[in-house]
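See below for the structure under consideration.
Just the heavy atoms: all of them, side chains too, but no hydrogens, waters or symmetry mates, feed the values below. A, B, ... follow the sequence lines: proteins, then strands. Residue 1 opens every chain. Being a predicted model, the structure only gives us computed values, none of them experimental.
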2 protein chains.
Amino acid sequence: MTVTEVVATAVRIADTEGMTAMSIRRIASELGLPTMAVYRFVPSKDRLVTLMTDRVFGETTLPRRPPAGWRAALEHAARLQWGLHRRHPWLAGTMSFTRPVLAPEGMRWTEWLMAVLDDEGVGPTEQLQLAMTVAGFVHGMGAKLETELEDEQHTGMSAAEWMAQREAAFAAAAGRAGERFPRLTRAADVTDDSEFDLDALFEIGLGIVLDGIAVRLGRGAGG
Amino acid sequence: MTVTEVVATAVRIADTEGMTAMSIRRIASELGLPTMAVYRFVPSKDRLVTLMTDRVFGETTLPRRPPAGWRAALEHAARLQWGLHRRHPWLAGTMSFTRPVLAPEGMRWTEWLMAVLDDEGVGPTEQLQLAMTVAGFVHGMGAKLETELEDEQHTGMSAAEWMAQREAAFAAAAGRAGERFPRLTRAADVTDDSEFDLDALFEIGLGIVLDGIAVRLGRGAGG
DNA sequence: TCACCGTCCGTACACCGTACAGAAACGGCC
DNA sequence: GGCCGTTTCTGTACGGTGTACGGACGGTGA
């Protein structure tokens, strides 16, 4: 029995059942240990959470040589990190944006993004601004994944199923809804639900952010 | 004693001490009530949280006539909502992006954004995509405010103070830090800390998102 | 063999949301 | 007024959380 096993167990529980299900007692019972025995390997729950964050960041390694072109490079990094959040929906909740030293692995990421922009001749301050905007976007969307996971636990329904069920109630009040939210109602009618899951919103948002950065770099949206 | 007073008390506690401090027992003691008496006014904590969300959304009203120009209009709406999150850092955590019916007030907001884009001749699906991108950005940044508030409670330091203190430890390990994160270190040197608080990051990100939308609308970044 | 010391973990405390049952207050009827 | 049924209120208790603490146990040196 090692720290690694304790952290791995914690990660597995948090991945599948959400962070609220991840408790010291639960880990202990999962490992067939007395509750307090967990503290042989980990000094506190806070520290355990930090170890979890470190561990999952180690999963994905950024390519040493970024793909050619700043846009492809930023896109690649953003998608890699999004994959991390998909696999570990609790991740965003454990990282502080304003206190980055607690997340050295996150800094490595930011440095990588800045290097890409450095090669494009962007100045130091703007490097950091743009890198944090991209990272902040991914982080912000990642936070929504945790909410969604816990909603699924809570209601026993996926977002799509839930929306479908709500559609009935929505249609019942359609008169009012159609009046109050005509454009929203219309867009919901002509659009497939799956076009608005978090993956789709991530892709749309990422495209817009990169277009915005292109403007800042004084280039066209093409990259 | 009314529901309103209970909700107001809950909001006040959550605003100043974070959502973790907001408990039924705490509200009761604040109002000089027996613990279980709170349930005379509110059926459950979940429902109370919904009422809190509704209440703070009612604080800010969107202008009936948006400012002239899509960019000014979206910017205005985004800043209004950011102000809401600033005053109530817990707000983002109570709203689900994927299950919007729980947040009718959020839908009103989205409808308003879509109306602005409608006037620009944007199609229904893209209206929703762009509106959700803006709303998602504000929401995502808003979520970081809660983390920051609870970190302040936890450490007794603001982010700036904390960074300053860390700078010492950072400088001690500067050799390694400078090697591992040369660009990050450099940018931290030449930039004032206050340029990277959440307000500043919000402004930078908003500008980039709006630039990106301008590209999508086939207009220049000017709006 | 015995004493000492370090490791391990059961118990306990202060919190949480809230189910439940008993007490108290109120209303209607004789 | 006296009595009973009903509703309203709330104290207690349950199962959950993180973890401080002290007692029990095992190993090691004298």
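- Taking only side-chain nitrogens and oxygens, A/Y39 comes nearer than 4.0 Å to OP1 or OP2 of D/dT19.
- Separating the CE atom of A/M22 from the C1' atom of D/dG16 is a distance of 15 Å, rounded to the nearest angstrom.
- Under 4.0 angstrom from either OP1 or OP2 of D/dT10 there lies at least one side-chain N or O belonging to B/R40.
- Between A/R79 and A/E75 there is a salt bridge, with a side-chain nitrogen of the basic residue lying less than 4.0 Å from a carboxylate oxygen of the acidic one.
- Atom CD1 in B/I24 sits about 22 Å away from atom P in C/dA14, given to the nearest Å.
- A donor-acceptor pair under 3.5 Å is formed between the side chain of B/H139 and the backbone N or O of B/A92.
- As rounded to whole Å, 12 Å separates atom C1' of D/dG18 from atom NE2 of B/H154.
- One interatomic measurement links the two molecules: CG of B/D46 to P of C/dT18, which rounds to 7 Å at whole-angstrom precision.
- With hydrogens and angles ignored, a donor-acceptor pair closer than 3.5 Å exists between the side chain of B/R25 and the base of C/dG17.
- To the nearest angstrom, C1' of C/dT7 lies 12 Å from CZ of A/F41.
- More than 12 heavy-atom neighbours from other residues, nucleotides or ligands sit within 6.0 angstrom of CZ on A/R26.
- As rounded to whole Å, 10 Å separates atom P of D/dG11 from atom CG of B/L33.
- The shortest distance between side-chain heavy atoms of B/W90 and B/L145 does not fall below 4.5 Å.
- Spacing between atom CD1 of B/I13 and atom C1' of C/dC16 amounts to 14 Å, rounded to whole angstrom units.
- Note: B/F202 and B/F137 have parallel aromatic rings, judged against thresholds of 30 and 60 degrees for the angle between ring planes.
- Rounded to an integer number of Å, the gap from CE of B/M19 to P of C/dG17 is 10 Å.
- The side chain of A/T35 has D/dT19 as its nearest neighbour among C/dC16, D/dT19, C/dT18.
- The residue among B/M36 and A/K45 whose nearest nucleotide of DNA chain D lies closer to the 5′ end is B/M36.
- Here the nucleotide nearest the side chain of B/P34, chosen from D/dG11, D/dT17, D/dT19, is D/dG11.
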